[in-house]
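Report on the following structure.
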Amino acid sequence: MDVNQPKQEHLLALKVMRLTKPTLFTNIPVTCEEKDLPGDLFSTLMKDDPSTVKGAEILMLGEMLTLPQNFGNIFLGETFSSYISVHNDSNQVVKDVQVKADLQTSSQRLNLSASSAVVADLKPDSCIDDVIHHEVKEIGTHILVCAVSYTIQSGEKMYFRKFFKFQVLKPLDVKTKFYNAESDLSSVTDEVFLEAQIQNITTSPMFMEKVSLEPSIMYNVSELNTVITNGDWKGSSTFGTKTYLQPLDTRQYLYCLKPKPEFAEKAGVIKGVTVIGKLDIVWKTNLGERGRLQTSQLQRMAPGYGDVRLSIETIPDTVRLEEPFDITCKITNCSERTMDLVLEMCNTNAIHWSGVSGRQLGKLHPSSSLHLTLTLLSSVQGLQSVSGLRLTDTFLKRTYEYDDIAQVCVVSSKLQAES
């Protein structure tokens, strides 16, 4: 074979076009005062311009639509659509035509062809058309690989490929923060507050259709992004009726998560790194182009309570000076061993315990709990901290101290009677 023989030219032409929605045509109005040299020339020209809005010629936004002039930006979570056309530019019939479209990302190669069927005959000036769709789930460089294979009349098999490279950008910057509901050992709610900060890092406004939190199996979630008004049980959004997010604007969404009863009773389950759930964000841009993002599973380091957790379940808000009142405590074994506990009650300057100190509570197995009702009184008015409880594990001779476990308002008997 002669190495200088010219290479066989392909009989088919491949065209690939991205499908996007048009945009509203914009123009830059040029105006001047009537006393200026141009007079009403600019005003007349704008009125005769078909792209301006009649009666509002000085507005930049027009009534016409503009077709995409370039490939444009593709953002994570949007649907990439493309039109693929293979046209027979020759004057002969081409046989066994097959068109294949693959999308190469940094981690995988995806087949996007709607059909892999082989077209038996493609006549001159005929074409094969296909539209592909793909929800973009990775950022970075993407390569659309379009391959065409066919057979010419001489029986020779022909094959060629074209590559179209594009970048997928990140549309939103999502930051999360966790806040524990408890500020001390007295809380028994185990509630977790999640703050999600969402920033629009694109160059166009977004309509935020939905921002929700899908909790894991361990939690129930309550959204705190609505304001309940009289007669409106659904409530209204804290962001108002216009839920647009302008470029570089940020919004904070707040959610409250509470462990389900079956998990809240097992103190050994919710500890260490726990899975909270994932955010589901849906938005629309321009003329209704939809995008959706789901974060990875959000994880949180649960607060440590040590081997034994003591919490207050019931306590009055206000008590009378020097009059006994009851509180209910919950003691939970958070360790992985059985404990034999002894309870000691130590008086402070303001708080005095009533009952037997040093009593045996018995054995407490891992992840088990027991409830105690204790009686005490306060000898000092004002806001007093409940302190002075001691738990000793007789197996390891280890003592756990619990101070400032709750607060109570102490008032004089006379003041409470008058109120």
Side-chain angles (χ1 to χ4, degrees), residues 178-192 216-220 257-276 299-316 319 324-379 384-408:
F178 289 105
Y179 302 94
N180 298 323
E182 61 271 22
S183 59
D184 48 43
L185 295 174
S186 65
S187 174
V188 295
T189 61
D190 285 325
E191 290 180 346
V192 181
S216 64
I217 59 173
M218 299 172 59
Y219 291 92
N220 292 319
L257 296 108
K258 188 174 182 179
K260 294 180 179 178
E262 58 267 30
F263 293 101
E265 293 299 324
K266 300 178 182 179
V269 175
I270 305 179
K271 65 180 182 180
V273 178
T274 58
V275 175
I276 296 295
Q299 295 182 333
R300 157 187 175 263
M301 178 63 71
Y305 300 107
D307 293 337
V308 186
R309 181 185 180 187
L310 185 145
S311 55
I312 302 297
E313 289 212 323
T314 60
I315 185 173
V319 299
F325 63 94
D326 294 337
I327 63 173
T328 303
C329 301
K330 180 181 178 181
I331 300 174
T332 305
N333 183 357
C334 298
S335 69
E336 298 178 355
R337 56 185 174 82
T338 301
M339 296 183 173
D340 187 17
L341 298 177
V342 175
L343 174 65
E344 296 182 7
M345 300 179 290
C346 305
N347 294 332
T348 64
N349 294 333
I351 297 296
H352 305 273
W353 297 92
S354 176
V356 179
S357 179
R359 62 170 167 161
Q360 295 280 344
L361 300 181
K363 293 182 179 180
L364 190 62
H365 297 286
S367 300
S368 299
S369 302
L370 60 88
H371 294 79
L372 293 175
T373 300
L374 304 176
T375 304
L376 63 159
L377 60 87
S378 177
S379 59
Q384 303 299 330
S385 294
V386 178
S387 303
L389 291 181
R390 305 289 183 264
L391 288 173
T392 301
D393 180 14
T394 59
F395 289 154
L396 296 181
K397 306 298 182 183
R398 184 178 297 173
T399 300
Y400 305 91
E401 300 181 356
Y402 300 94
D403 296 317
D404 299 323
I405 58 176
Q407 291 181 326
V408 64

> Do any N or O atoms from the side chain of N333 and from the backbone of S367 form a donor-acceptor pair under 3.5 angstrom?
Replying inline: no
What pair of heavy atoms forms the shortest contact from [X] to [Y], and how long is it?
X	Y	result
L377	F325	CA-CE2, 4.0 Å
Q299	F178	O-CE1, 3.4 Å
S335	P366	O-CB, 3.4 Å
Y219	V192	CE2-CG2, 4.5 Å
I312	C329	CD1-SG, 3.7 Å
V342	G358	CG1-O, 3.5 Å

>> D326: which residues meet the side chain to side chain contact (heavy atoms under 4.5 Å, CB included) condition with it, sequence neighbours left out?
In response: T373, T375
> With sequence neighbours excluded, what pairs up with T399 under the side chain to side chain contact (heavy atoms under 4.5 Å, CB included) test?
Replying inline: R390, T392
Got a second to check how far [X]'s [atom1] is from [Y]'s [atom2], nearest 0.5 Å?
X	Y	atom1	atom2	result
L341	L391	CG	CG	5.5 Å
I351	Q384	CD1	CD	6.0 Å
K260	I217	NZ	CD1	7.0 Å
K363	M339	NZ	CE	14.0 Å
I327	T314	CD1	OG1	8.0 Å
L372	K330	CG	NZ	12.5 Å

> Can you name the residues that form a salt bridge (Lys or Arg N to Asp or Glu O under 4.0 Å) with R398, not counting sequence neighbours?
Replying inline: D307
> Should L389 and M345 count as side-chain neighbours, where that means a heavy-atom distance under 4.5 Å?
Replying inline: yes
>> A side-chain contact here means heavy atoms from C-beta on lying under 4.5 Å apart; do R337 and D393 qualify?
In response: yes
>> Suppose we screen for side chain to side chain donor-acceptor pair (under 3.5 Å). Which residues come up paired with S216, at least two apart in sequence or across chains?
In response: none
>> Going by side-chain hydrogen bond (donor to acceptor under 3.5 Å, both in side chains), name the pairs with one or both residues in residues 340-357, residues two or more places apart or in two chains.
In response: D340-T394, H352-S379
